[in-house]
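Beneath this line is the structure, given in structure tokens, with notes to follow.
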Protein chains: 2
Amino acid sequence: MDQSFHEAKYTVKDVSEITGLTKHTIRYYDDQQLIPFVSRDGRNIRLFSDHDLDWLRMVHSLRISGLPISEVKHYIDMCLQGDDTIPQRAELIAKQEEELEAKIREYNLQLMHIKKKKAYYASVSKGQQDDAWNPVNNKSECGEKYEIPEHIMTH
Amino acid sequence: MDQSFHEAKYTVKDVSEITGLTKHTIRYYDDQQLIPFVSRDGRNIRLFSDHDLDWLRMVHSLRISGLPISEVKHYIDMCLQGDDTIPQRAELIAKQEEELEAKIREYNLQLMHIKKKKAYYASVSKGQQDDAWNPVNNKSECGEKYEIPEHIMTH
DNA sequence: CCCTTGACTTCGAGTTACTCGAATACTTTA
DNA sequence: TAAAGTATTCGAGTAACTCGAAGTCAAGGG
């Protein structure tokens, strides 16, 4: 049952097309040792396996969640150290899950704001706005207000 | 009907608490002239009005959507130029809406990935995993694969 | 009345995570 | 044989903060 099938191998360019990350970023992550097992061929060219892609995707997810490179590195190192680090890894993942959820909430909020602005421009273009205010005249922008905390004096 | 009511005024610290942006960032945005009408008191201290907060929020939304500072500045300048620039502003807003939606889709994707990892750690902690693989032994990370474009040879 | 505390200011240096381009090498195609 | 294409390393540049020093001012406590 020895497996001599050829494992899939990808160059940096391939990985770039597969993941959407730039070639520069992929090499940068490799230089930072965030993808631990990337091999090279006789000409010193990086060859990524499917496993390497899995590592890379994990790195990508953690970066997107806002984890700095240095801590992604720490996570990878913990993976390499074996099962003893699983509780810490699990904790980290749980934290980043929350970070990411918070981020998504914030992004949805800003998206709503942008949609309102878009709707405003649409109404202005059709000459349908009720009041003819203009951002400059009002020295402002349209839309809802921030919530002002109670303790702030607005005299 | 002259309005001599006191308009609400906020210091940098207030604005920081209201918006969640750091004091440094708020001053930075002001220095970059992204908040056009911020006033100062006799002691040269910045005083933000509610209108200023509206401008700031717009800046924030555009930044979150991925628009670089230089282009946020351009948008603000267009606002100051009057109604002639509305079509361009509307186009910009529409573009950033799409950017933001794409970003949210990507973030949700990575969130899913992180949730799977979390579930994996939960199952490992309870000793319930079917196969006893370990990231290091497998030189990989758990989870689904990337979609490999057809034209990439994996020999 | 003085002194500490705290919040404001400007300015300039430092940081993160890319991002880009140059110089070089090899290999495949014309 | 030459050009095109893709790879490598390395080092500099960039964006957007981020931080801290140094200075000023005003209010509050002893």
Side-chain angles (χ1 to χ4, degrees), chain A residues 9-35 38-48 52 56 58-76 96 99 103 106 110 149 151-155, chain B residues 9-35 38-48 52 56 58-76 96 99 103 106 110 149 151-155:
Chain A
K9 290 290 181 185
Y10 314 96
T11 66
V12 170
K13 193 195 179 200
D14 294 337
V15 175
S16 173
E17 289 177 25
I18 292 165
T19 64
L21 298 168
T22 70
K23 290 181 283 182
H24 277 296
T25 299
I26 294 159
R27 282 197 209 98
Y28 176 71
Y29 286 171
D30 185 33
D31 291 345
Q32 303 300 311
Q33 316 192 56
L34 306 183
I35 324 168
V38 180
S39 60
R40 305 276 183 131
D41 71 4
R43 284 165 226 105
N44 199 33
I45 285 170
R46 287 176 183 82
L47 292 180
F48 293 77
D52 295 332
L56 177 54
M58 196 62 221
V59 170
H60 187 202
S61 296
L62 290 173
R63 285 293 303 123
I64 289 280
S65 80
L67 200 71
I69 295 278
S70 59
E71 293 181 38
V72 174
K73 177 79 168 69
H74 182 220
Y75 173 82
I76 300 291
Q96 292 317 116
E99 295 282 316
K103 211 169 269 218
E106 163 78 350
Q110 302 307 332
H151 74 277
I152 292 181
M153 296 293 109
T154 64
H155 69 276
Chain B
K9 291 289 183 185
Y10 314 95
T11 66
V12 169
K13 193 194 180 200
D14 295 336
V15 176
S16 172
E17 288 176 26
I18 293 166
T19 64
L21 298 168
T22 71
K23 291 182 281 182
H24 277 295
T25 300
I26 293 158
R27 282 196 211 98
Y28 175 71
Y29 285 170
D30 186 33
D31 291 344
Q32 302 300 310
Q33 316 191 57
L34 306 184
I35 324 167
V38 181
S39 60
R40 305 276 183 132
D41 71 3
R43 284 168 227 103
N44 200 32
I45 286 171
R46 287 176 184 82
L47 292 180
F48 293 77
D52 295 332
L56 178 55
M58 196 62 221
V59 170
H60 187 202
S61 296
L62 290 173
R63 285 292 304 123
I64 290 280
S65 80
L67 201 70
I69 295 278
S70 58
E71 294 182 37
V72 174
K73 178 78 167 68
H74 182 220
Y75 172 81
I76 300 292
Q96 292 317 115
E99 296 282 315
K103 213 169 268 222
E106 163 78 351
Q110 302 307 332
H151 74 278
I152 292 180
M153 296 293 108
T154 64
H155 69 276

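The chains referred to below are lettered A, B, ... by the order of the sequence lines, with proteins before strands, and numbering in each begins at 1.
Of the candidates D/dA7, D/dA16, C/dC8, the closest approach to any side-chain atom of B/Pro68 belongs to D/dA16.
The side chain of A/Thr11 contributes no N or O atom lying less than 4.0 Å from OP1 or OP2 of D/dT6. Between A/Arg43 and the phosphate of C/dA25, there is no side-chain N or O to OP1/OP2 separation shorter than 4.0 Å. When the side-chain nitrogen and oxygen atoms of B/Arg27 are compared with OP1 and OP2 of C/dT10, none of them lie within a distance under 4.0 Å. Between A/Arg46 and the phosphate of D/dA7, there is no side-chain N or O to OP1/OP2 separation shorter than 4.0 Å. Checking the phosphate oxygens (OP1, OP2) of D/dC17, a side-chain nitrogen or oxygen of B/Tyr29 falls inside 4.0 Å. For the pair A/Arg40 and D/dA7, the criterion of a side-chain N or O lying under 4.0 Å from OP1 or OP2 is not met.
Residue B/Lys73 contributes atom NZ, which lies 14 Å from atom P of D/dA16 at whole-angstrom precision. Across the protein-nucleic acid pair, A/Asn44 atom CG and C/dT24 atom P stand 17 Å apart, rounded to whole Å. Whole-Å rounding puts the A/Leu67 CG to C/dC18 P distance at 12 Å.
In this structure, the side chain of A/Asp30 does not engage the main chain of A/Arg27 through any donor-acceptor pair within 3.5 Å. Between the A/Ser16 side chain and the A/Thr22 main chain, no donor and acceptor come within less than 3.5 Å of each other.
Look at A/Asp31 and A/Arg46 and you find a salt bridge, because one of the NZ, NE, NH1 or NH2 atoms lies within 4.0 Å of a carboxylate O, short of that distance.
Across every non-hydrogen atom of A/Ile76 and A/Leu34, the tightest pair is CD1-O, 3.6 Å.
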